[in-house]
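Reading through the C-alpha cells given below for one structure.
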Amino acid sequence: MGSVCRRLFSLCLVSSVLYRGRSEVRKITRRTAYGDSGGQQQPLDIEAYTYPERVETPVGFSLNHSSLEISTILFCQLSRCIPCVQVHIRMNNSVPVTIDGVQIHFFEYKSNRNSEIQVRWKNYMPPINTANFIYECFESDAGSKVEVGVKTIPDYGHQLTEEYNVEDYETGPLMNYSVILKKKQILVTGPPGRVLKAMLCYKRGLVCRELKNSSVLLINSTFSLSYEYLLPCLCVQAFYPGPDSSRTTICPFTNTLEAFGPDLWRSSNFSDLIHHRNSMAVRLTGKCHIKPSVVLCWKSNGICEEFEESAAKISKSVYVFESVDRHSQMCFKFKYKNSSHIECRNRRDADWNVTMVTESNQLLLSFASRIPASFSAVLCKTEEDECKNQTLIHNVTQTEFSTQKLLMVLSVESHKFCVRVWRSDVVFSGKQLLCPQYSRNQLGLGLLSTLVLLAVMPMLVYMVWKFATKVVSAPLWSRTVLMMYSPDSEDQKKLICAFADVLKTELHCNIILDLWDTGRVAEIGIVSWLYSKRELVEREGGKIIIIWSKKNQKMYDQWSMLDSGSKMNHNDLHDLFNTSMACVYNDILQNRGIKDYSIIYFDGLCNKENIPAIFTKIPKYRMLKDFSSLVHALQSAPKFPCGLELGAKFLVHKILRSEKMQTLRNQIEQFTKLQRHGLLCCEESDCSD
C-alpha cells in the first residue's frame, strides 16, 4: 500500500482530446476526483484498497456493453515528466442497478508491481444505468506491458480486463518506407503491435509543416502516403499518438536529382514587384526554402537568351534588377542545382510598343511610350535563319511623359530587309525583330490554310463516324467498380459473381471483388485490401456498389450497437461485412466520397425498407428493374444528342438480352426459391474470374 500512496493520481470527466506532437503536454493535478452519472457530475472519494463484499448479481446486470479504455499520458512536475497510465471506464447497463463506485486493479508485468484503488461516490446514489470514470494515473515505465482490471462496488461477479503497452514518448518509432516514383507514393510500415501515426510534411529548418489531409494511423499494416510534388524537403514523420511524443523524421528525396526538377518550380510562387520604371523585382516563395541564382533573359521564338552580366540584389527572397527594360519578353531565369526555370511576367500595360508600316521603299516605325525613354533601330538582311546588320543605327528619344508618337523612317531596297528595335537608355534590353508582311506572303498563308482544312475534314468525318458506331456497340466509358457485400451463403456468392460478370463483360468495368482476388486478400488481410481498393476507386473516379440483403439488416443491427470508436477502427482480418461498414461509416462521418457509393438489391430477395436510414443520401437500385439507371450512373455520361441517346438505349436493351444477363436471371430465380423454402447452403465457396 505504500507504493500506492507514493503515486500521483487524479480522477476526472473529460471529453475526447487529440494529442499532436510535443506542443501539447497534459499536466495532471494531485488527488482530484470527479465522476459522471446520467450527464450530471457527482463528487467522488478515493480510498485505499479494501476487498468489496461479494453479493448476488442483480437480474439483467451485465458488463457486455461497458468498455475499458487505457492510454498513456504524462505527469509533469517542474521540468520532469513521467509516463502514466490513464484508465477510462464507461459503464452501460440495460436496467438500473446500485453502483457505489469502482475497484481498479493495476499490474505491471516487468516489475511485478500491483496497485489497487477504490473510487466511491461521496453521497448516496440511486440505481443508475450509465456511469463514466476517468482515473489518472498509475505511474509506469515507458514500454512496459500492464494489465488493468475493473470491478463494480459492490462486487456483482463481473470484471473488465485489458492489457496495454505503455507508450514511449522519449524515442521516436522505427519505421520502414519505400518510394514508388511513378505513382507519387511513399509506402510506410510501422512496428508490429503498435499504433503509429504517419504523415507527410515539408521541412524548413527545424520545423516540418504537415501537408493537409496527409496523416494516417497505422495498425500492423503498410499504408501509402500520396504526395503532389516531388521535392527535396518532402519528409515522412512518424510518432506514437499521444501527448509530447518524439517524432522520427525521414526525408527520402534530399539527394534525389528528380526532386530538383519541374515540381520544385511548379510548387513555388513568383510575385512580381515594381520599384520604379527602370527596375524589375520578383519574390520567390515555395514549399522548400531554397536560394537559387537568378539572371535576366530575353525570350524570343521559344528561346530565352541570358544576360550573363546581369546580377540581382537579394533581400529576403526578393530579387531586384536595376536599369532594365520592363518589356513582356524580359524574363527571369532561375537556376538551382541541376535544374532551371524561366518565369515571364504577364504585363498588360507595356511601357512602350512599336508598329511598322511599309510604303514603297520605306519602313515607317511608330513608337508609343508611357515613360521618357530612348529607342534605337537598325536594318538587317535575312539570310537563311539569321538577320545580319546592314546599316547604321538610328536613334530617337522621348524626353518627357507624353502620348505623342515618335516616327522613324528607314529606306530599304527589297522585301528581304527586317528591323531590329530596342530601348537604348537602359543596360538590359532585348532586341525585337520586325519584318514587313507583303501581299504574296499573305497569299501563301491563305493557300496553306486551305490545304490544311482540306486535309483535316476527312479525318473529322471519320472520327464522328467511329464515335457514333461505338455508342451503339459498346459503352463509351468504363469504370473501376468495388463490390461490397456480406457472405451469406454459397448460392448468394454465385449470384454476386454472376452480377459482377455482367458488369465486366457487358459494360467493360474493372471489377474489384474479394472472391476474384483471394490470393492478395489472404496475403495482406481483408482490412488492408479493402482500404487500398477504396483509395484506388477514389483516385480513378470509380464507383462502390454495396449489395444489400435481408441478412445484411440483421448484421447491421448488431454492428450499429457498437460505439463510434469501435465502428470506425474495426480491424478483424476476416470480417468483410463489419470492415465494409467501418469504411462506409467513416466516409459518411467525414462527408467524403458519398457520390462514389451505390446500393443495389435484388427484387424478391430484399426490399428497400430493409436498407438503414444512414444510407439515405446513397442512391439505391432494384435489380433488374433499375438496370438502365445503374448503367447511366456507372458511365456518368453527359446528356447525349438525340441520335446518340437512342444508341445508348439500344446498348442497354442489347445487354438485357445477352447470355450473361440470362445467367444472372436464373441465379436470382434459384436464390429466391431457396430463400423462400429456407434451403440456402451456408458452406464457403468461391468463384473464378
Side-chain angles (χ1 to χ4, degrees), residues 469-522 526 529-549 576 580 583 593 595-603 605 618-637 647-671 685-689:
T469 304
K470 193 170 184 179
V471 168
V472 299
S473 61
L476 291 174
W477 296 270
S478 62
R479 275 293 181 91
T480 298
V481 177
L482 170 62
M483 301 183 69
M484 295 181 178
Y485 67 99
S486 64
D488 297 355
S489 64
E490 179 182 359
D491 299 283
Q492 187 240 17
K493 290 183 180 180
K494 292 180 180 178
L495 173 62
I496 291 172
C497 289
F499 179 70
D501 198 21
V502 170
L503 298 183
K504 178 181 179 181
T505 57
E506 302 297 336
L507 285 175
H508 303 280
C509 292
N510 176 24
I511 301 298
I512 303 174
L513 183 63
D514 65 311
L515 298 174
W516 291 356
D517 197 12
T518 54
R520 185 59 177 166
V521 173
I526 192 64
W529 180 86
L530 183 63
Y531 278 88
S532 65
K533 298 304 181 184
R534 170 68 181 96
E535 181 183 354
L536 175 64
V537 169
E538 184 176 21
R539 187 166 59 252
E540 295 187 356
K543 287 286 185 180
I544 301 174
I545 290 181
I546 304 173
I547 302 177
W548 202 261
S549 64
L576 175 60
S580 300
C583 180
K595 64 180 183 341
D596 298 341
Y597 286 92
S598 297
I599 295 179
I600 73 165
Y601 59 97
F602 293 98
D603 197 11
L605 301 177
I618 299 178
K620 303 163 186 66
Y621 305 95
R622 183 174 66 178
M623 296 291 107
L624 297 166
K625 181 180 178 181
D626 299 333
F627 183 73
S628 296
S629 300
L630 177 64
V631 170
H632 189 273
L634 289 177
Q635 292 180 336
S636 295
K649 291 181 179 180
F650 173 78
L651 171 63
V652 174
H653 181 69
K654 175 186 173 184
I655 295 175
L656 291 174
R657 299 180 60 185
S658 66
E659 181 181 350
K660 296 290 185 181
M661 186 61 74
Q662 185 59 41
T663 302
L664 176 60
R665 287 194 182 96
N666 294 338
Q667 291 290 343
I668 295 174
E669 292 175 3
Q670 180 181 356
F671 193 76
S685 67
D686 199 351
C687 55
S688 58
D689 185 359

Point to revise | From CA spacing to verdict: side-chain contact (heavy atoms from CB on, under 4.5 Å), Ser580, Tyr485 | key: CA-CA 8 Å; Ser580 300; Tyr485 67 99; over 6 Å; no

Exercise for review: Apply side-chain hydrogen bond (donor to acceptor under 3.5 Å, both in side chains) to Asn510 and list each qualifying residue two or more places apart in sequence or on a separate chain.
Suggested key: none

Revision key, fill the gap. In this structure, CD1 of Ile496 is separated from CG of Leu513 (nearest 0.5 Å) by 7.5 Å

**Study point:** Reported CD1-to-CG distance for the pair Ile599 and Leu630, which is rounded to 0.5 angstrom
**Key:** 12.5 Å

Revision key, fill the gap. Sorted by chain and residue number, the side-chain hydrogen bond (donor to acceptor under 3.5 Å, both in side chains) partners of Ser628 (sequence neighbours excluded) come out as none

Review point. Could Lys533 and Asp514 be called an ion pair, given the rule that one side-chain N must be under 4.0 Å from one carboxylate O?
Key: no

Revision key, fill the gap. Residues passing the side chain to side chain contact (heavy atoms under 4.5 Å, CB included) test with Arg539, sequence neighbours excluded, are Gln185, Glu535, Leu536

Check your understanding: From Leu503 CG over to Leu664 CG, what is the distance, rounded to the nearest 0.5 angstrom?
Key -> 9.0 Å

Check your understanding: Looking at Leu624, Ile546, Ile545, which hits side-chain contact (heavy atoms from CB on, under 4.5 Å) with Ile600?
Key -> Ile545

Review point. Which residues pass the side chain to side chain contact (heavy atoms under 4.5 Å, CB included) test with Gln670, sequence neighbours left out?
Key: Asp491, Gln667, Leu674

Check your understanding: Quick one: ring pair (Phe, Tyr, Trp, His ring centres under 6.0 Å) partners of Phe499, sequence neighbours excluded?
Key -> Phe602

Exercise for review: With sequence neighbours excluded, give me every salt bridge (charged side-chain N to carboxylate O under 4.0 Å, His left out) pair touching residues 618-635.
Suggested key: none

Exercise for review: For residues Met484 and Cys583, report the shortest heavy-atom separation together with the two atoms involved.
Suggested key: CE-SG, 4.1 Å

Check your understanding: Side-chain donor-acceptor pair under 3.5 Å between Asp517 and Trp529, yes or no?
Key -> yes

Exercise for review: For residues Cys497 and Leu515, report the shortest heavy-atom separation together with the two atoms involved.
Suggested key: SG-CD1, 3.8 Å

Check your understanding: Can you name the side-chain hydrogen bond (donor to acceptor under 3.5 Å, both in side chains) partners of Arg520, sequence neighbours left out?
Key -> Glu523

**Study point:** Ile668 side chain reached by Leu495 side chain, heavy atoms, under 4.5 Å
**Key:** yes

Review point. Where do Asp596 and Gly542 come nearest, in terms of heavy atoms and distance?
Key: OD1-O, 4.0 Å

Review point. Below 4.5 Å, heavy atoms only, C-beta onward: do Trp516 and Met483 meet side chain to side chain?
Key: no

Check your understanding: Taking all non-hydrogen atoms of both residues, which atom of Ile511 and which atom of Ala500 are closest, and how far apart?
Key -> CG1-O, 3.8 Å

Revision key, fill the gap. Across all chains, not counting sequence neighbours, the side chain to side chain contact (heavy atoms under 4.5 Å, CB included) partners of Lys595 are none

Point to revise | Those residues that, when tested against Glu540, pass salt bridge (charged side-chain N to carboxylate O under 4.0 Å, His left out) (two or more places apart) | key: none

Check your understanding: Measuring from Glu659:CD to Thr505:OG1, what's the distance to the nearest 0.5 Å?
Key -> 9.5 Å

Exercise for review: With sequence neighbours left out, write down each residue that passes ring pair (Phe, Tyr, Trp, His ring centres under 6.0 Å) with Tyr597, or none if nothing qualifies.
Suggested key: none

**Study point:** side-chain hydrogen bond (donor to acceptor under 3.5 Å, both in side chains) involving Glu669 - partner list, sequence neighbours excluded
**Key:** none

Review point. Can you name the closest pair of heavy atoms from Lys660 and Val502 and give their distance?
Key: O-CG2, 3.7 Å

Exercise for review: Identify, with sequence neighbours excluded, every residue that meets side chain to side chain contact (heavy atoms under 4.5 Å, CB included) alongside Thr663.
Suggested key: none

Exercise for review: Measure the shortest side-chain to side-chain distance between Lys543 and Cys509 over non-hydrogen atoms and say whether it is less than 4.5 angstrom.
Suggested key: no

